[in-house]
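Okay, so here's the structure we're looking at.
Being a predicted model, the structure only gives us computed values, none of them experimental.
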There are 2 protein chains.
Amino acid sequence: MENLRKHIEEITPISDDEFEYVRTFFTKKRVRKHQFLIQAGDRVACEYWIANGVFRAFYVDDGGREHILQFALENSWLSDYHAFFYQTGANMNVVCMEEAEVFCLTLLAREKLASDLHKMEHFFRMKVTSGYTAQQHRIISLLSRNPRERYEEFGSLFPDIVKRIPKKYIAEYLGISRETLSRIHPAHRRRSLN
Amino acid sequence: MENLRKHIEEITPISDDEFEYVRTFFTKKRVRKHQFLIQAGDRVACEYWIANGVFRAFYVDDGGREHILQFALENSWLSDYHAFFYQTGANMNVVCMEEAEVFCLTLLAREKLASDLHKMEHFFRMKVTSGYTAQQHRIISLLSRNPRERYEEFGSLFPDIVKRIPKKYIAEYLGISRETLSRIHPAHRRRSLN
DNA sequence: GGCGCGGTGTGATTTTTGTCACAAATTAAT
DNA sequence: ATTAATTTGTGACAAAAATCACACCGCGCC
C-alpha cells in the first residue's frame, strides 16, 4: 500500500492523515492467473489499482476475435471505464495474466473521495488527462502507421510489456494478425551505425 | 457566453457569482474559415471552447497524409491536448471549417480555475473522463470493425457531423481512403423491413 | 521425463484496401 | 453569372494484410 501513496504523491503531496483516510476506501484482492476480474455483461463495481501482477483488458467482437484495449502492470489503474462510470454492463473482459494483488475502489468510494478531498479530485483529473492524451497518441498511430511502425513504436514506448507478454497479444493490441506480426523482422542494422 | 454556463451546469450547478468569476478567465476570439487555430510546431497557449462554428484537428504524417483526430462543433472543447498540457510544440493542426466564435482558456487560467473552485476541477475531470471513454470506443472500433462498419457507426453516433462535413474528411477520421469510403453504398433495404 | 498446450514461424493463397487516373458534380469566389 | 476550386464517383490495377495450413518449439504439469 506504500506504493499507492507514492503513486498518488507523484501528482500531489498528501499528509499522513489524509492518506490514512484515502486507504479506507480501498479493499485488497488477490487474483490468480487466468482469473477474470471483469467479464463482459457483468456490472462493473470497481476500478482496480494494480499493486503487482499483469492484466489485459479486451473486447470480443461479433466474430469472436479479441482486441486488446489495455495491458496493465504494477502501479496502473484498470477497469472497463465506460461500464464503470456509466454503470452499464461491461463490454470488456479483464483477465489476469500473472498472479496479482489489486486494490479495489467502487464508483461511490471514488466519487466520495474526490468530493471530500479536492486533492484527490485533482489526482483523478490528472490521471485521466494523461490517459486521454496517451489514447490520442494511440489513435494517431492506428490511423497513420503501418504494422511494422506500430510494433516498433510499441516496443519503444513499452519495452517492459514486450518482455513480459506473448506476441500474439501484442498483435491483438496493435490491430494486426499474429502472422503479420511474426513476419515483422528487426530492421537490418545499417553499416553506418557501427 | 450564456451557453458556456449551460454547458458547465450540465455537470455541476454554479452560482451567479461563481460564473462571473469563471468567465473572467476566458477571452473571446473570432475565427474565419480556413484559418488555423493551431499549427504543428506552435506552442499551444490555449484550449478552446467553441461557441459556434466547426473545426477539425488533424495530424500530418511523414508522407504528408492528414489524419483527423477530432471534429469540433458548437459546445465542444478543442486543442492539441498533449501539447497543451505538457507545453510542448504542437503535433496537430487545428483548422476552422465554418466561421466560428471561440473562447480561449490558457493552461494557467485552467489550472487556477480548477484549484480555486473545486467545482471546476470536478467539471474538468468529468469532461476529460467522458472524452476518455469516447476515445476508448473509437480505439475498439478501429481495431475491430471494417470500413463499412466504422462508417455506419460514425453516422449513427454523429449524424450532425455527417451532414456538415465533406466525406473526404470523414474518411480521414475513419482511417480509410476517400475512394474506399465512396464505394461504401447504403446497405440494401431488406424486404422484411418494408 | 514424457505429454500436452500455448505460442511462434513460414509458405501459399485470398481478400481487402489503397493507389492512380480521370470525369462529373457540387460549391465557393469574383 | 462565370470561373475556379473542391469534392465525389468509378474503373483498373497494385500492394498490403488476412487467412489457412502445418511444423516446430518450449515450458509447465503430472
Side-chain angles (χ1 to χ4, degrees), chain A residues 32-36 53-56 58 60-68 71 93 95-99 141-155 161-188, chain B residues 31-36 53-56 58 60-68 71 93 95-100 141-155 161-188:
Chain A
R32 292 193 324 282
K33 196 168 172 171
H34 300 132
Q35 194 179 330
F36 280 72
V54 178
F55 293 86
R56 68 178 197 274
F58 62 96
V60 181
D61 71 23
D62 302 341
R65 262 183 288 262
E66 303 189 356
H67 306 276
I68 292 181
F71 296 113
N93 301 270
V95 172
C96 180
M97 302 177 75
E98 281 182 28
E99 170 125 19
S141 184
L142 286 167
L143 293 177
S144 66
R145 316 219 197 282
N146 66 29
R148 137 163 269 134
E149 293 165 336
R150 298 212 291 281
Y151 182 50
E152 286 171 353
E153 181 181 51
F154 185 87
I161 294 181
V162 174
K163 280 172 219 144
R164 265 164 98 173
I165 302 224
K167 290 209 176 65
K168 61 175 288 209
Y169 295 113
I170 296 180
E172 287 175 21
Y173 180 96
L174 296 173
I176 63 187
S177 70
R178 57 161 205 85
E179 292 94 334
T180 295
L181 181 57
S182 161
R183 284 186 248 262
I184 295 174
H185 296 118
H188 283 161
Chain B
V31 193
R32 291 192 325 282
K33 194 168 174 172
H34 300 131
Q35 194 179 330
F36 279 73
V54 178
F55 293 85
R56 68 178 196 274
F58 61 97
V60 181
D61 70 23
D62 302 342
R65 262 183 288 263
E66 304 190 356
H67 307 277
I68 293 181
F71 295 113
N93 301 271
V95 172
C96 178
M97 302 177 75
E98 280 182 29
E99 171 123 20
S141 184
L142 286 167
L143 292 177
S144 66
R145 316 219 196 281
N146 66 29
R148 136 165 269 132
E149 292 165 336
R150 298 212 291 281
Y151 181 51
E152 285 170 355
E153 181 181 51
F154 184 88
I161 294 181
V162 175
K163 279 173 218 141
R164 265 164 99 172
I165 302 221
K167 289 207 177 63
K168 62 175 285 207
Y169 296 112
I170 295 180
E172 288 176 21
Y173 179 96
L174 296 173
I176 62 186
S177 69
R178 56 161 206 83
E179 292 92 334
T180 295
L181 181 57
S182 161
R183 285 186 248 262
I184 295 174
H185 296 119
H188 283 163

N or O in side chain of [X] less than 4.0 angstrom from [N] OP1/OP2:
X	N	answer
B:Lys168	D:dT7	yes
B:His185	D:dG9	no
A:Tyr169	C:dG7	yes

What's the separation between atom [atom1] in [X] and atom [atom2] in [Y], rounded to the nearest 0.5 Å?
X	Y	atom1	atom2	answer
B:Arg32	B:Glu99	CZ	CD	7.5 Å
B:Leu142	B:Leu174	CG	CG	8.0 Å
B:Arg178	B:Ile176	CZ	CD1	12.0 Å

Can the ring centres of A:Phe55 and A:Phe71 be said to be less than 6.0 Å apart?
no
Grab the N/O contacts between the protein and nucleotides 28-30 of chain C below 3.5 Å, and write none if there aren't any.
none

Would you call B:Ser141 and B:Glu153 a side-chain contact if the rule is heavy atoms closer than 4.5 Å?
yes
Let's go through B:His67 and B:Asp61 carefully: what are the C-alpha distance in whole Å and the side-chain angles of both, what is the deciding distance for side chain to side chain contact (heavy atoms under 4.5 Å, CB included) to 0.1 Å, and is it a yes or a no?
CA-CA 8 Å; B:His67 307 277; B:Asp61 70 23; 2.8 Å; yes
What does the B/S/- profile of nucleotides 15-30 of chain D look like, 5' to 3', with a 4.0 Å heavy-atom cutoff to protein?
--SSBBBB--------
Value in whole Å for how far the [atom2] atom of [N] lies from [atom1] of [X]:
X	N	atom1	atom2	value
B:Glu149	C:dT16	CD	C1'	13 Å
B:Lys167	D:dT10	NZ	C1'	15 Å
B:Arg164	D:dT7	CZ	P	16 Å
A:Ile170	C:dG6	CD1	C1'	15 Å

Salt-bridge present (B:Glu152, B:Arg148; N to O < 4.0 Å):
yes
Donor-acceptor contacts, no H, no angles, side chain residues 164-172 of chain A, under 3.5 Å, sequence neighbours left out:
| residue | atom | partner | partner atom | Å |
| --- | --- | --- | --- | --- |
| A:Arg164 | NE | A:Glu98 | OE2 | 3.2 |
| A:Arg164 | NH1 | A:Glu74 | OE1 | 3.2 |
| A:Arg164 | NH2 | A:Glu74 | OE2 | 2.9 |
| A:Arg164 | NH2 | A:Glu98 | OE1 | 3.0 |

